[in-house]
Protein chains: 2
Amino acid sequence: MAYKHTATSDGVYAQLKEQILHLELPPGAAISEIETAEKYSISRTPVRDAFKRLEREGLLEIRPHIGTFISLIDLNAVSDVLYIREVLEFSVLSDLSRMYDKSQDLRIRLILQAQKELLDSDMPIEELSRAFINSDNEFHTALFDAAGKKNIIKFLYEYNSQYERFRTFINFNGKDDLTKLYEAHVEIWNCITTQDLDGLNACINHHLYDGFSSSSDVISKCPEYFTKIR
Amino acid sequence: MAYKHTATSDGVYAQLKEQILHLELPPGAAISEIETAEKYSISRTPVRDAFKRLEREGLLEIRPHIGTFISLIDLNAVSDVLYIREVLEFSVLSDLSRMYDKSQDLRIRLILQAQKELLDSDMPIEELSRAFINSDNEFHTALFDAAGKKNIIKFLYEYNSQYERFRTFINFNGKDDLTKLYEAHVEIWNCITTQDLDGLNACINHHLYDGFSSSSDVISKCPEYFTKIR
DNA sequence: TGTCAATGACTTGCATACCAGAAAATAAAA
DNA sequence: TTTTATTTTCTGGTATGCAAGTCATTGACA
């Protein structure tokens with residue numbers, strides 16, 4: 001992993017992944033190797049490499065001799081990622097709370113400030129949502145980093161493609177959800193700096209699951225995007 | 001993932017992975033596509049697929065136009081996996097402890113019994129070690145399953161190739177370590193059935209880290225197998 | 001009209017040839 | 001002898017053709 005791959009294969013991988021996560025390539029849609037190759041004016045080989053990689057991340061479903069399809073959003077996988085995040089995040093942030101010193105405060109506050117400014121801006125909701133999700137990831141990464149657990153969140157991010165896609169799906173809903181996220185961030189940071197572990201636990205729980213539970217009506221708008229529930 | 005791939009690519013992947021995890025292909029060794037292809041009497045294409053997959057799991061390092069090498073054992077990655085396992089396992093087993101009912105007891109005790117019999121047998125240490133590690137994984141899988149969190153441990157297993165390899169490395173050491181693992185298993189199960197959460201926490205901690213801390217002298221026997229420590 | 005087999009148009013998996021980059025070996029020059 | 005070009009020979013990356021599997025259409029036959 002320390003050494004670069006060729007840009008061709010990596011390029012189509014990155015572009016396809018972004019399109020899938022942003023639902024521009026909708027769940028269930030067919031996508032063929034040769035078609036993609038022609039679109040990018042390259043051969044099938046690097047496309048195949050990218051496809052295989054995306055399949056392992058659960059974003060594509062390759063059915064040999066039949067076709068390749070954008071995978072449906074697997075709510076079970078999303079639920080699993082949420083559980084893992086909840087547990088790991090509480091553990092790491094508890095550690096951080098115990099070792100917290102004021103020198104870390106500025107960096108976090110800057111991120112929070114940026115999020116507030118995003119919410120006050122008048123971007124179109126799609127653009128705002130993307131920008132805010134990026135900032136959200138930045139916030140959580142900064143927290144893990146402050147706790148000396150940078151690698152742990154890298155691990156999480158490699159596995160949460162399904163969750164990212166789900167989040168994109170429900171966040172197009174409106175600005176209110178994003179505002180709630182921001183407020184939760186502020187509260188989480190307050191709990192950490194005041195070493196309120198019980199409050200922290202409750203916060204993380206809410207923060208992660210909130211959008212999830214209030215989303216069943218959103219899901220029903222596009223049921224064909226999702227796998228059947230367990 | 002629900003659909004099979006072709007057997008050719010999957011086959012070499014599985015075989016190579018086993019050889020790497022069992023250290024038959026030692027860390028740092030070179031391994032070439034064409035050589036491997038000839039060995040299995042297939043073309044480079046399925047070999048390349050397998051290589052790419054192993055690279056993403058951190059078991060190979062592909063350096064374009066230079067060569068492909070069995071990756072060194074990354075103790076940082078091992079340490080991260082241990083942390084994640086500790087946190088997740090304590091959380092899941094705490095849940096299990098709260099919801100424990102006696103119908104689950106038999107299955108676990110059978111696994112423990114099998115482990116005891118393994119230890120009492122007179123297998124050669126290498127074979128014993130492999131068999132015990134398999135049984136160890138079975139034990140932990142059964143626990144997660146009993147807690148209704150089967151997917152969570154699948155998640156873990158996909159990420160712990162580095163850890164598995166490390167374990168193979170230190171367990172060739174002798175029977176004592178395996179005996180300790182067995183005793184820890186018994187104690188963990190006792191803690192769960194008696195709902196002793198504090199004891200459980202301590203157990204898991206010991207269980208995971210024990211072999212790790214006592215292994216620095218073992219590591220020094222083959223320093224060329226490991227990456228530099230953080 | 002209804003049934004079933006043949007056919008053709010797709011798909012991805014695999015084999016092979018060629019390309020580009022890197023390193024080592026060789027040859028030429030100081 | 002030492003140093004510097006140059007060439008040779010590795011490597012993996014890419015392009016492409018063929019093989020094999022799947023499905024929908026079609027046409028023959030009952």
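Bear in mind that the values here come from a model prediction, so they are computed numbers and not experimental data. Every heavy atom of this structure was used, including side-chain atoms; hydrogens, water molecules and symmetry mates were not. Chain letters run A, B, ... following the sequence lines, proteins first, then strands; residues in each count from 1.
Remark: A:Ile42, A:Ser43, A:Arg44, A:Thr45, A:Pro46 in residues 31-49 of chain A come within less than 4.0 Å of DNA chain D through at least one heavy atom.
With sequence neighbours excluded, the residues forming a side chain to side chain donor-acceptor pair (under 3.5 Å) with A:Tyr159 are B:Glu158, listed by chain and number. The side chain to side chain contact (heavy atoms under 4.5 Å, CB included) test applied to A:Ser32 returns A:Ile34, A:Glu35, not counting sequence neighbours. Taking B:Ala184 as the reference, B:His207 meet the side chain to side chain contact (heavy atoms under 4.5 Å, CB included) condition, with sequence neighbours excluded. Remark: A:Glu33 pairs with A:Arg44, A:Arg48 by the salt bridge (Lys or Arg N to Asp or Glu O under 4.0 Å) rule, at least two apart or across chains. B:Glu38 meets the side chain to side chain donor-acceptor pair (under 3.5 Å) test with no other residue; sequence neighbours excluded. Residues passing the side chain to side chain contact (heavy atoms under 4.5 Å, CB included) test with B:Glu18 are B:His22, sequence neighbours excluded. For B:Thr68, the side chain to side chain contact (heavy atoms under 4.5 Å, CB included) partners are B:Ile31, B:Phe51, B:Leu60, B:Ile62, not counting sequence neighbours.
Dashed line: the shortest gap from a side-chain N or O of B:Thr68 to OP1 or OP2 of D:dG12 is under 4.0 Å.
With rounding to whole Å, B:His65 atom NE2 is found 5 Å from C:dG21 atom C1'. Per the geometry, CZ belonging to A:Arg63 stands 11 Å off C1' belonging to D:dT22, to the nearest Å. A:Asp10 places its CG atom 14 Å from the C1' atom of D:dT14, with the value rounded to the nearest Å. The nearest whole Å value for the distance from the CZ atom in B:Phe69 to the P atom in D:dT11 is 10 Å.
Comparing D:dT14, D:dG12, D:dT22 by their closest approach to the side chain of B:Ile62 singles out D:dG12.
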Tabulated below should be each protein N or O lying under 3.5 Å from an N or O of nucleotides 5-8 of chain D; please produce it.
none

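For B:Phe169 and B:Phe226, the ring centers are positioned less than 6.0 Å apart.
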